[in-house]
Number of protein chains: 2
Amino acid sequence: MKRVAKKTITRSLLYIRILEKLIESGTHIVSSKQLADMMGLSDVKIRKDISNFGKVGRPRIGYKTFELKKILEDFVLQNIVHAVLFGVGNLGSAILKYPGFHQDRIKIVAAFDKDKSKVGKKINGVSVYSVKNAVKIISKTHAEIGIIAVPEKHSQNIADVIVSSGVKGIVNFSPISISVPEKVFVRDIDLSIEFLSLMYEMRHK
Amino acid sequence: MKRVAKKTITRSLLYIRILEKLIESGTHIVSSKQLADMMGLSDVKIRKDISNFGKVGRPRIGYKTFELKKILEDFVLQNIVHAVLFGVGNLGSAILKYPGFHQDRIKIVAAFDKDKSKVGKKINGVSVYSVKNAVKIISKTHAEIGIIAVPEKHSQNIADVIVSSGVKGIVNFSPISISVPEKVFVRDIDLSIEFLSLMYEMRHK
DNA sequence: GTCTAATTGTTAAATAATTCACGGATAAAG
DNA sequence: CTTTATCCGTGAATTATTTAACAATTAGAC
């Protein structure tokens with residue numbers, strides 16, 4: 001199978017989401033231009049992206065929303081993703097309650113915190129456990145992704161715990177780069193950097 | 001002035017943060033290799049990035065931490081960034097309390113919510129106002145960035161408010177693309193997409 | 001002072017992503 | 001049945017980014 005560009009993958013996930021909305025609203029056909037307008041992209045980029053997955057559109061008509069969604073899903077999604085969260089502070093709690101995960105295909109199956117007063121509680125239906133039990137619970141829940149939302153000074157420590165549990169994917173919200181074995185993939189979500197780089201862009205264009 | 005690559009900018013912001021830590025810990029000199037190890041990058045990429053801003057290192061020695069930080073700051077940062085937040089729900093509250101903004105150069109100067117029970121309160125020192133007063137307060141506080149953390153169905157509406165207030169930068173946390181005039185810059189932070197694209201990467205490498 | 005090893009800075013090559021240009025398909029009109 | 005306007009798919013060109021290769025510099029050893 002041909003290698004698909006990373007950016008094509010993330011855009012395809014967005015296409016799927018828009019297609020879901022279109023289908024829900026009863027739209028059966030959509031053109032690349034219409035999709036482009038909805039997403040603020042160029043139509044040719046959308047056609048190019050889709051072309052990675054076969055010839056699915058019809059000239060003079062467009063794409064069948066349901067069919068296109070199905071094809072994109074087959075290529076870029078798999079089953080529901082199970083994740084565990086480390087750190088039930090302000091950010092961690094917000095993540096547990098984030099509504100986007102429900103409609104989408106992400107399920108947080110357990111949360112961990114050092115704070116004993118939080119352990120044993122449930123937040124948005126997710127139980128909070130002691131970090132000590134993390135490895136055991138991760139293997140029991142078949143979690144595939146670990147989320148780091150602990151204070152910066154504990155991030156590397158938690159990363160080590162996640163790695164030792166065998167999980168191969170980490171979403172890191174702390175503003176520090178964690179070091180992990182090569183086979184473990186990390187996504188850094190760094191709020192400050194987003195703001196500051198946006199500011200740079202605003203100044204320089 | 002020569003155009004600097006977008007990715008170089010975001011990495012430079014990370015360099016600044018690491019340099020701050022090094023300076024704080026009393027480190028005066030650092031090599032590109034050391035920086036690279038700390039950040040999980042290649043040393044040549046770091047030298048290439050820095051070379052955009054002049055010849056600042058010394059062969060056989062490395063970079064003076066303070067000097068390098070100063071030079072990077074001069075190029076990629078400006079004064080403190082003032083932002084306003086729309087939506088004081090779970091995510092919005094977490095953003096208001098996010099500790100990374102304090103050390104870094106971002107200050108949230110006001111928050112807005114539709115919910116009357118929230119208006120008038122202060123969260124982490126930031127006052128919550130009615131959305132009706134947004135334009136007025138934005139101009140008074142000289143905010144440069146608007147943050148959208150409202151439920152998806154109100155995102156476009158809030159984006160319009162932000163645009164009408166003259167703000168030229170938006171950080172959008174809602175999982176929907178907002179449409180704004182060309183002169184307004186948007187950063188989408190989409191949690192679901194991060195998880196799902198990470199999952200794709202894990203499967204395909 | 002000379003040599004050596006380490007480290008920067010830079011040009012060139014390779015890779016990745018986007019945009020352009022246009023051929024091909026086809027629905028709809030007449 | 002023919003024409004026409006529209007929309008998809010794609011190879012080529014362009015632009016952006018990373019990686020490789022190596023020349024230049026210099027601190028430190030002797």
Side-chain angles (χ1 to χ4, degrees), chain A residues 1-15 19 22 27-65 67-69 71-72 75-76 182 197 200-201 204-205, chain B residues 1-15 19 22 27-69 71-72 75-76 182 193 197 200-201 204-205:
Chain A
M1 194 162 76
K2 184 178 60 180
R3 206 177 110 44
V4 178
K6 214 183 302 178
K7 300 224 175 163
T8 293
I9 298 301
T10 67
R11 281 193 299 267
S12 296
L13 291 162
L14 293 169
Y15 302 157
L19 288 165
L22 288 172
T27 306
H28 294 261
I29 299 287
V30 71
S31 72
S32 59
K33 187 69 174 60
Q34 290 172 313
L35 282 174
D37 289 344
M38 283 183 261
M39 310 202 34
L41 299 174
S42 73
D43 54 345
V44 62
K45 192 183 275 182
I46 286 178
R47 287 200 300 280
K48 193 96 185 185
D49 282 339
I50 294 172
S51 75
N52 281 283
F53 310 119
K55 296 190 186 186
V56 24
R58 288 181 66 193
R60 191 63 212 271
I61 298 290
Y63 301 93
K64 291 186 187 174
T65 50
E67 185 190 3
L68 178 55
K69 167 171 166 283
I71 285 171
L72 292 174
F75 274 94
V76 304
E182 217 179 303
S197 67
Y200 181 91
E201 195 176 337
H204 287 81
K205 283 221 198 138
Chain B
M1 193 162 77
K2 185 178 58 177
R3 205 179 111 45
V4 178
K6 215 183 300 179
K7 299 223 175 164
T8 293
I9 298 300
T10 67
R11 281 193 299 269
S12 296
L13 291 162
L14 293 168
Y15 303 157
L19 288 165
L22 288 172
T27 306
H28 293 260
I29 299 287
V30 71
S31 72
S32 59
K33 187 69 174 61
Q34 290 172 313
L35 282 173
D37 289 345
M38 284 184 260
M39 310 203 33
L41 299 174
S42 72
D43 54 344
V44 60
K45 192 182 276 182
I46 286 178
R47 288 201 299 281
K48 190 97 196 206
D49 282 339
I50 293 173
S51 75
N52 281 283
F53 309 120
K55 295 189 188 189
V56 23
R58 290 181 66 192
R60 190 63 211 270
I61 297 291
Y63 301 92
K64 292 185 186 174
T65 49
F66 190 82
E67 185 190 1
L68 177 56
K69 167 170 165 283
I71 284 172
L72 292 175
F75 274 94
V76 304
E182 219 178 300
I193 300 299
S197 67
Y200 181 91
E201 195 176 337
H204 288 82
K205 283 222 197 136

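Every chain is numbered from 1, with letters handed out A, B, ... down the list of sequences. The analysis underlying the following values was restricted to heavy atoms, covering all of them including side chains, and did not include hydrogens, waters or symmetry mates.
Lys48(A) comes within contact range of at least one nucleobase, with a heavy-atom separation under 4.0 Å. Contacts of Ser32(B) with the nucleic acid, taken as non-hydrogen atoms under 4.0 Å apart, involve only primed sugar atoms and P, OP1 or OP2. Contacts of Ile50(A) with the nucleic acid, taken as non-hydrogen atoms under 4.0 Å apart, are absent.
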Original post:
side-chain contact (heavy atoms from CB on, under 4.5 Å) between Tyr15(A) and Leu68(A): does it pass, once the steps are laid out?
Top reply: CA-CA 9 Å; Tyr15(A) 302 157; Leu68(A) 178 55; 5.9 Å; no
**OP:** Take Arg47(A) and Tyr63(A) through the test side-chain contact (heavy atoms from CB on, under 4.5 Å) and record every step on the way to the result.
**Re:** CA-CA 10 Å; Arg47(A) 287 200 300 280; Tyr63(A) 301 93; 3.5 Å; yes
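Taking side-chain N and O atoms only, Arg47(B) has no distance below 4.0 Å to OP1 or OP2 of dT11(C). Taking only side-chain nitrogens and oxygens, Lys45(A) comes nearer than 4.0 Å to OP1 or OP2 of dT19(C). Close to dT8(C), at under 4.0 Å from its OP1 or OP2, lies no side-chain N or O of Lys55(B).
With hydrogens and angles left out, the side chain of Arg58(A) and the base of dA27(C) share no donor-acceptor pair within 3.5 Å.
In this structure, of dG9(D), dA17(C), dA25(C), it is dA25(C) that holds the atom nearest to the side chain of Pro59(A). Of the candidate nucleotides dC8(D), dT17(D), dA27(C), dA27(C) has the atom lying nearest to any side-chain atom of Ile61(A). Considering only side-chain atoms of Ser42(B), the nucleotide from dC7(D), dA27(C), dT19(D) that sits closest is dT19(D). For Ser51(B), the listed nucleotide lying nearest its side chain is dG9(C); candidates were dT17(D), dA21(D), dG9(C). Out of dC20(C), dT18(D), dA21(D), the shortest distance to the side chain of Val44(B) is found at dA21(D).
One atom, CZ of Arg3(B), and another, P of dT17(D), lie 6 Å apart when rounded to the nearest Å. The CG atom of Leu35(B) sits 16 Å away from the C1' atom of dG9(C) (whole-angstrom rounding). Rounded to a whole Å, the CZ atom of Arg60(B) is 16 Å from the P atom of dG9(C). Spacing between atom NZ of Lys33(B) and atom P of dT8(C) amounts to 11 Å, rounded to whole angstrom units.
With values rounded to the nearest 0.5 angstrom, Arg11(A) atom CZ is found 12.0 Å from Leu72(A) atom CG.
Where Thr8(A) and Val30(B) meet DNA chain C, the nucleotide closest to each residue was compared, and Val30(B) sits on the side nearer the 5' end.
Using a cut-off of 4.0 Å between Lys/Arg side-chain N and Asp/Glu carboxylate O, Lys33(A) and Asp37(A) are scored as salt-bridged.
In this structure Glu201(A) satisfies the salt bridge (charged side-chain N to carboxylate O under 4.0 Å, His left out) test together with Lys205(A), Arg187(B), sequence neighbours excluded.
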